[in-house]
Amino acid sequence: MADDRPVVLECVELSKTYGNFRALDSVSLTLRAGEVRALLGKNGAGKSTLVKLISGTEHPDRGHDQIKLDGQPVHWANSGEARSGGIAVVHQEFSLIPELSVAENVMVGRWPRRRGLVDHKAILKSAARAIDVLGEPLPLTMPVGRLSTAHQQLVEIAKALLDEPKVLILDEPTSALNSREVDALLALVRRLAQRGVAVIYVSHRMREIPLVADSMTILRDGREVATVGVREVTTDEVASMIAGSSRAQAKVGEPQDLSGAEVALAVENLVIDGLLEGVSFEVRKGEVLGIAGLLGSGRTELLSSIYGSRHDCEGEVLVGGRPVKDRSPAKMLRLGVAMTPEDRKDAGIVPLLGVGENVMLMARSRGRSPWIRRNQERDTIAEVIDRLSIATAGAGQPIASLSGGNQQKGVIGRCLAAEMSVLLLDEPTRGIDVGAKAQLYRLIRELAQRGISSVFVSSELDELAQVCDRVLVLRDGRVRETVSGAEATGDRLLALAMKTDHEELV
Amino acid sequence: MTSQTPVAESPDTAAPAAKQSPLRRALAWEGTGLLAVLIAVFIILSLIAPNFLTAANMLNILQQAAFFGIVAFAMTLVIVSGEIDVSVGSQAALTSSVVAYMVVTMGLPMWLAALLAIVIAVALGAGIGWIRDALNVPTFIGTLALYLALRGVAHLVTNTFPIPVDASEFFYWGSGRVFGVIPVPAVYFFLTFVVVAVIARFTVFGRSVYAVGGNPKAAALSGISVRRVRILVMSGTAFTAAITGLMHTAQLASGNSTIAVGLEFDAIAAAVIGGTAMAGGRGTIIGTLIGVLFVAILLNGMVMLGLNPYVQQVVRGGLVLFAVLINVARTRTA
């Protein structure tokens, strides 16, 4: 790499502490004009914190932490200042207004005015200039909501390019794109780099990184582990740097080989257009089956399709050997299959209702009686609260007032109260504390011993390795690998999830 | 009703709350504040309004309360489920007009006409609930359309003149007195209170209404048919609106397309004053009972004070605004 290119961004020993938690610890980063830097690390490794500090949404701890742009120290008060100062971020979640046109979205918040009225001609002209850079003709007057995800992403990028940023930060930009769209995006990033824009590219997809990035910085536990050229390391090495040399964490319970046990739930050739290309697997009675995969690999969509809360899939789901047609949550519940959603607040808890009522939701809708049987319920609720050690003042306490971990236990308790035999757990440990996580792991193992199967989806691969009897690795729309619980480690799963198909792994 | 939970009627509260003294439980209940205001207003009106504090007027208040209170109970379930029904006034007017038309012009027996009118109302309500889900039409818009259209149909049917109905045994059901004392509508009112309160607290459907209003996604993932819940609550307000229309018909001895104007406001105001959250997921039937009595006492007091009817209208409007402001404040602190 030509190191004579001028340094654009220089971060000196940035640290950030939230309460007692040190999210970022003396991380330095130097970026030259036209350089594309991949930023890698697990959840909580400090990637988002670093991005937030650079883009002005958060401020570093100490005064002598420094961010220099073109050699000048900068102190952004907020992300707006950073943006006009030359640092633009394209977040994973779009901030587009679906009903407004492409041009209006590109220029949103800075619509030119003439005599107090919005000057639509000027909007079109400026937006056209920004879109031009993308090299993809977008219909300027079409409502953004009618564009494909990939094109919406381009609108986001055009928005970011409006201020001619020196540094462009892309956060997991390809997680929602199909492979052809990914190629187009990578080409665009390279073109921008050639124009001298420095890019920070947050992603874990080892297929993309060598194609787009010059170098990569790997973070772990808030520290910088390494900054290396992309061609200097193998995927395996990267995976172990991300995971750390930490010894494999102790297994929770003993992983079992249950290949002889009866099949509780089977999925045959499940296809979701552009996402899953034929996923098949079986869960045995009393088995804990992990599903590993990177962001955007279709894990969540897989679970919702099985559960029937999503209907855009083809393929079969069999419960107890019988195919289930026209799946819906109500139908799956009758067959003893329950799902806990990824987003607890959005689709898990009913915030205003008490813990007890939240726990009883599934059991009630599954039961035949139209009456609430309070005495019976009281016993069930007490049992669930006790079993899951939910910390609550009483069954009547609104569930929203509990900690995240206890809320999650309430949501899982819902499946127990309804006496389910297969649990589909989508990121059950997201956003909950370490103690509660350990309790959940033990609970899942305990349930397995009583013959209750779990399909455990998580982006924290360590925990899959700790808890599961068997882990499937979802990659490029298929189950590409199966790892037995005994052999699974976080590193190995990560390496397999990141692997590209023309690369051999040990 | 012994629910003391500050949030929603929850059958599970009894265990921890039982340890507290009844007084402290009463103070912790958010309805207590409203009850105190109700009593204060009652005392003030007793002192300043002539003929307010008489047995006859008290029964009168109950009778008046019934004419929007029955709807208010059903409305509470609608609002708790996260929906709204502004068509109840027009529904009542349509029922009254259609019943009279069927009896007078078509010669149907009274009971059959009443039954058919109820069926029509419930079908319309259920339809609004159905398109809420199937076509994603908000119930506010759906019922706003009915609010206009049904009043129009009622005027068309009656030509805006009352259609006298000659069925004297039927009049008892609107203006009769049980034991010669208690107004029949007041009996309906308390009966509806008990039925809806039991539904809200002790049935799976009732609890599903709270779950759907609190988080429809979570409810759907728990196997609750969100569509069924919405159809049923919208049918509920339609049914009570039809009953109210029949009560008017019996009381006036005629089918009338100009009745029940503003019924939706009184019913919604009573529910909201009683602590029902406009955002859904929260509200109690006992709270609405207090809300209904509050509104009824206030309306009656204004008449007793001889206030200009237009002033009364201003007060009613202010009442709705006031109730919503309290509601917002309550949601913020929760």
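Keep in mind the model is a prediction, meaning the values are calculated, not measured. Letters A, B, ... are given to chains in the order of the sequence lines, protein chains preceding strands, and every chain is numbered from 1.
More than 12 heavy atoms of other residues, nucleotides or ligands sit less than 6.0 Å from atom CZ of R227(B). Summarising the local packing, CZ of R310(A) is surrounded by more than 12 heavy atoms from other residues, nucleotides or ligands at distances under 6.0 Å. No more than 12 heavy atoms of other residues, nucleotides or ligands sit less than 6.0 Å from atom CZ of F265(B). Within 6.0 Å of CZ in F239(B) there are 12 or fewer heavy atoms belonging to other residues, nucleotides or ligands.
How far CG of L353(A) is from CZ of R282(B): 10.5 Å, rounded to the nearest 0.5 Å.
A pairwise comparison of heavy atoms in L361(A) and A211(B) identifies CD2-CB, 3.6 Å as the closest pair. The two residues N215(B) and K345(A) make their nearest non-hydrogen contact at ND2-O, 3.4 Å. G223(B) and A330(A) get closest at one heavy-atom pair: O-CB, 3.8 Å. Summarising the geometry of P329(A) relative to L221(B), their closest heavy-atom pair is CB-O, 4.0 Å, with the distance given to 0.1 Å. Closest non-hydrogen pair, S222(B) versus R414(A), comes out as OG-NH1, 3.4 Å. Between R207(B) and I372(A), the shortest heavy-atom distance links the atoms CG-CD1, 3.5 Å.
Of the possible donor and acceptor atoms, none in the side chain of Y210(B) sits under 3.5 Å from a partner among the backbone N and O of L352(A).
Highest contact tally toward chain B, considering only T340(A), I349(A), V411(A), is held by I349(A) [criterion: heavy-atom pairs under 4.5 Å]. Per-residue heavy-atom pair counts under 4.5 Å with chain B were compared for L333(A), N358(A), V350(A), and the maximum is reached by V350(A).
Within the 4.5 angstrom heavy-atom criterion, atoms from both the backbone and the side chain of D346(A) approach chain B. Looking at S369(A), only its backbone comes within 4.5 Å of chain B, counting heavy atoms on both sides.
Within the 4.5 Å cutoff, no side-chain heavy atoms of P370(A) are placed close to those of T203(B).
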